[in-house]
Amino acid sequence: MMNVEIGVNGENLSNFHAARLICNELNYKPFHLYEQESYRLLHPINFQVANKHRSLTEAQNYQKQLRFYTLDRIKRVLNTLVFSIKNRVKDKLKITICHSKELDAGSKLFIDALVKNGAGTVEYRANPSSISASADIIEETVKQAYSAADPNQMHQLALQFLSVGDAWTAITLLKRLLSIEMNDEYFYDIGIAYSQIGDTEAAEFYLNKSKAYGNAKRVIDSNYVLAMLYARHHPKYLRSLSKAEELLNEAFQSLKNDEMSFHKIFNRNGYALILYRRGKIEEAIDILLTGISNLQKNNLSDEDHGLHESVLTYNLAQCYAALNRFEEASSAFKKLIKMDPYYPENHLEYAKYLINHEKFDSAYHHLMHAKNLNPYIPETYSYFGLYYLSKDKIRLAKDSFEKAYRLSNQSDEYLYDFVYALTLENDYDKCSKIIHEHPFNKETELNEELYVNLSIIKAECLLHIKSEAEAADVLHAAIKKYPKNRLLRENEKRLCKEIL
């Protein structure tokens with residue numbers, strides 16, 4: 001057991017303050033590329049990734065960023081960081097945090113990942129004066145900029161925090177900027193920041209403000225992000241493809257008819273998503289192919305062009321996949337990987353597609369690539385599990401599914417495959433124990449299919465360990481929740497026959 005004590009005095013302007021102090025106490029230094037990329041979340045302004053083999057997404061220029069981290073992605077980055085620390089330190093950590101104020105949101109996420117992933121325990125004490133506060137150059141830099149109130153310095157800092165996923169610190173700086181000057185760019189950036197952390201209604205408010213204070217170009221940019229909120233990111237009750245289409249078309253009309261600009265290309269990329277969701281996939285493909293062709297005519301740098309084309313090519317691959325046009329989808333995925341070979345998600349998307357078409361050996365090749373790029377992505381092991389199932393290697397499949405489950409912080413998404421593999425090994429006791437420890441029945445956001453599948457497998461496990469009454473109770477509770485579900489009714493009948 002390794003003891004780590006840190007003191008957090010007063011309120012901090014930057015996020016991940018406690019996380020940085022813990023890493024400092026551990027003398028943690030990132031080595032592998034995936035460790036360096038995750039470490040940037042904590043150190044966006046004073047740490048340079050020393051590796052030329054970066055993905056186009058990770059190597060974006062923060063001043064003209066196209067892709068931004070979502071909250072799920074931020075959590076994945078923290079998991080990678082925590083597992084890297086766990087692998088490096090070996091001993092379990094006993095962390096004592098002496099603080100006078102509530103910890104920042106980023107540090108809470110870091111500590112949650114640390115505890116859930118078994119890296120150690122955390123104890124809180126309300127006497128920070130007992131431990132002298134450690135130096136934190138990021139916090140000091142943010143405080144200095146906040147006090148100096150230099151708009152350019154603060155804005156550049158905010159964009160750097162935004163680029164790595166620390167939307168919370170970016171919001172603090174941008175609100176300070178807005179207290180000095182009501183500026184359309186600040187409103188736009190804070191809208192992006194709120195969308196990153198899932199507060200889409202606040203994001204919409206600030207994006208609309210950016211339109212009110214900005215020129216026609218700002219309306220075009222803001223409308224694109226607003227359209228994506230309505231098409232993808234808003235809570236379900238707020239989503240509207242019609243509203244998204246209206247916003248995109250409003251912006252499109254503002255663009256000059258004789259100008260095939262980057263903005264026009266990506267506006268139509270957004271419209272292709274609307275068509276895709278409506279099942280008009282052939283039309284979406286035509287738009288994407290036109291966009292890719294027109295990108296060649298734009299005076300973009302090689303770096304910018306590569307990223308922009310990769311986004312359109314990814315969407316094109318998904319369209320071909322949806323139409324089951326295997327050769328064209330494979331060609332698009334291969335082109336995507338050639339453009340951005342160091343982005344593990346590209347390999348994983350193609351591997352998933354290959355597995356769905358039972359091309360397991362080809363999928364294995366891309367899974368190994370993804371694993372080498374980052375060994376802590378849960379999807380990689382989930383797909384390895386499917387690969388091993390296809391080879392009737394049940395033990396390896398079970399181990400892979402379990403690793404995916406553990407790497408995901410015991411996510412609902414990876415629970416079913418793990419417990420299903422346990423039933424294939426007739427390990428009903430462990431299966432029942434895992435499901436019991438995972439309170440899936442209390443998760444209101446669990447979709448019907450997963451809830452039903454977990455209920456059925458839980459009942460099956462209870463039946464095999466001679467807990468017939470509990471098995472019946474599980475199915476009855478699920479039927480009460482989803483009374484029209486056919487699978488539940490069928491399993492209820494089967495259970496009655498087996499009990500009788």
Side-chain angles (χ1 to χ4, degrees), residues 32-34 55 72-73 76 79-80 83-84 87 117 313-314 317-318 320-428 430-431 434-435 438 447 449-450 453-454 456-457 460-461:
H32 298 289
L33 177 58
Y34 57 85
S55 75
D72 284 342
R73 178 84 181 190
R76 172 182 287 186
N79 273 358
T80 294
F83 277 108
S84 299
N87 186 52
N117 288 313
T313 303
Y314 172 86
Q318 297 300 330
Y320 284 135
L323 293 176
N324 204 26
R325 288 159 61 171
F326 181 81
E327 294 301 328
E328 288 159 300
S330 292
S331 176
F333 276 121
K334 287 174 183 176
K335 181 182 176 183
L336 176 66
I337 288 168
K338 186 176 181 180
M339 282 190 284
D340 196 0
Y342 304 115
Y343 195 49
E345 283 81 354
N346 290 341
H347 292 279
L348 290 174
E349 282 293 323
Y350 190 28
K352 179 174 72 171
Y353 183 67
L354 291 167
I355 286 170
N356 288 340
H357 285 78
E358 300 185 354
K359 308 287 185 182
F360 293 104
D361 292 333
S362 297
Y364 183 85
H365 168 76
H366 288 283
L367 291 176
M368 288 303 297
H369 269 292
K371 180 183 175 183
N372 290 336
L373 289 168
N374 185 341
Y376 300 121
I377 298 177
E379 286 96 326
T380 306
Y381 301 94
S382 178
Y383 299 150
F384 269 128
L386 296 175
Y387 167 80
Y388 287 123
L389 278 183
S390 76
K391 306 294 183 182
D392 291 325
K393 297 181 177 180
I394 306 303
R395 175 56 60 86
L396 289 174
K398 187 268 293 180
D399 291 345
S400 297
F401 288 136
E402 180 171 9
K403 187 159 189 175
Y405 180 62
R406 302 301 179 195
L407 286 175
S408 71
N409 274 351
Q410 295 83 53
S411 164
D412 302 325
E413 184 181 356
Y414 300 98
L415 173 61
Y416 178 79
D417 285 339
F418 175 32
V419 295
Y420 172 71
L422 288 172
T423 66
L424 294 179
E425 288 195 315
N426 297 318
D427 194 347
Y428 295 104
K430 184 173 182 180
C431 176
I434 294 293
I435 296 176
H438 187 104
N447 67 58
E449 181 184 7
L450 184 55
N453 287 339
L454 286 171
I456 290 170
I457 208 166
E460 181 185 347
C461 291

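Note that the structure is a prediction, hence the values are computed from the model and not measured. Just so you know, residue 1 is the first one in the sequence shown, and it goes up from there.
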| Rounded to the nearest 0.5 Å, what separation is found between the CG atom of Leu407 and the CD atom of Glu379? | 10.0 Å

| field | Residue pair Thr423 / Tyr428: nearest heavy atoms and the distance that separates them | value | O-OH, 3.7 Å

| Closest approach of Ile394 and Ala421, non-hydrogen atoms and distance? | CG2-O, 4.4 Å

| request: Identify the heavy atoms of Ile457 and Tyr416 that sit nearest to each other, and give their distance. | output: CD1-CE1, 4.0 Å

| task | Identify the two heavy atoms, one from Thr313 and one from Ala332, that lie closest to each other, and give their separation to 0.1 Å. | result | CG2-O, 3.5 Å

| task | Consider only side-chain N and O atoms of His366 and Asn346, and report whether a donor and an acceptor are under 3.5 Å apart. | result | no

| note | residues 386-396 vs side chain to side chain donor-acceptor pair (under 3.5 Å), sequence neighbours excluded, gives Asp361-Lys391, Arg395-Glu425

| remark: Between the CG atom in Leu389 and the CZ atom in Phe360, the distance rounded to the nearest 0.5 Å is 8.5 Å

| query | Minimum heavy-atom separation for Asp340 to Ser55, with atom names? | reply | OD1-CA, 3.3 Å

| task | Just jot down the side-chain hydrogen bond (donor to acceptor under 3.5 Å, both in side chains) partners of Asp417, sequence neighbours excluded, or say none. | result | none

| field | Reported OG-to-CG distance for the pair Ser84 and Asn79, which is rounded to 0.5 angstrom | value | 10.5 Å

| task | Work out which heavy atom in Ser400 is nearest to a heavy atom in Gly385; give both atom names and the distance. | result | CB-N, 3.6 Å

| With under 30° as parallel and over 60° as perpendicular, where do the rings of His369 and His347 fit, or are they tilted in between? | parallel

| Distance in Å, Ser382 OG paired with Tyr405 OH, rounded so as to fall on 0.5 Å steps | 13.5 Å

| Without hydrogens or angle criteria, can the side chains of His32 and Asn374 be said to hold a donor-acceptor pair below 3.5 Å? | no

| field | Centroid-centroid under 6.0 Å between Phe401 and Phe384 rings | value | no

| field | Interatomic distance, Leu348 atom CG to Tyr383 atom OH [nearest 0.5 angstrom] | value | 6.5 Å

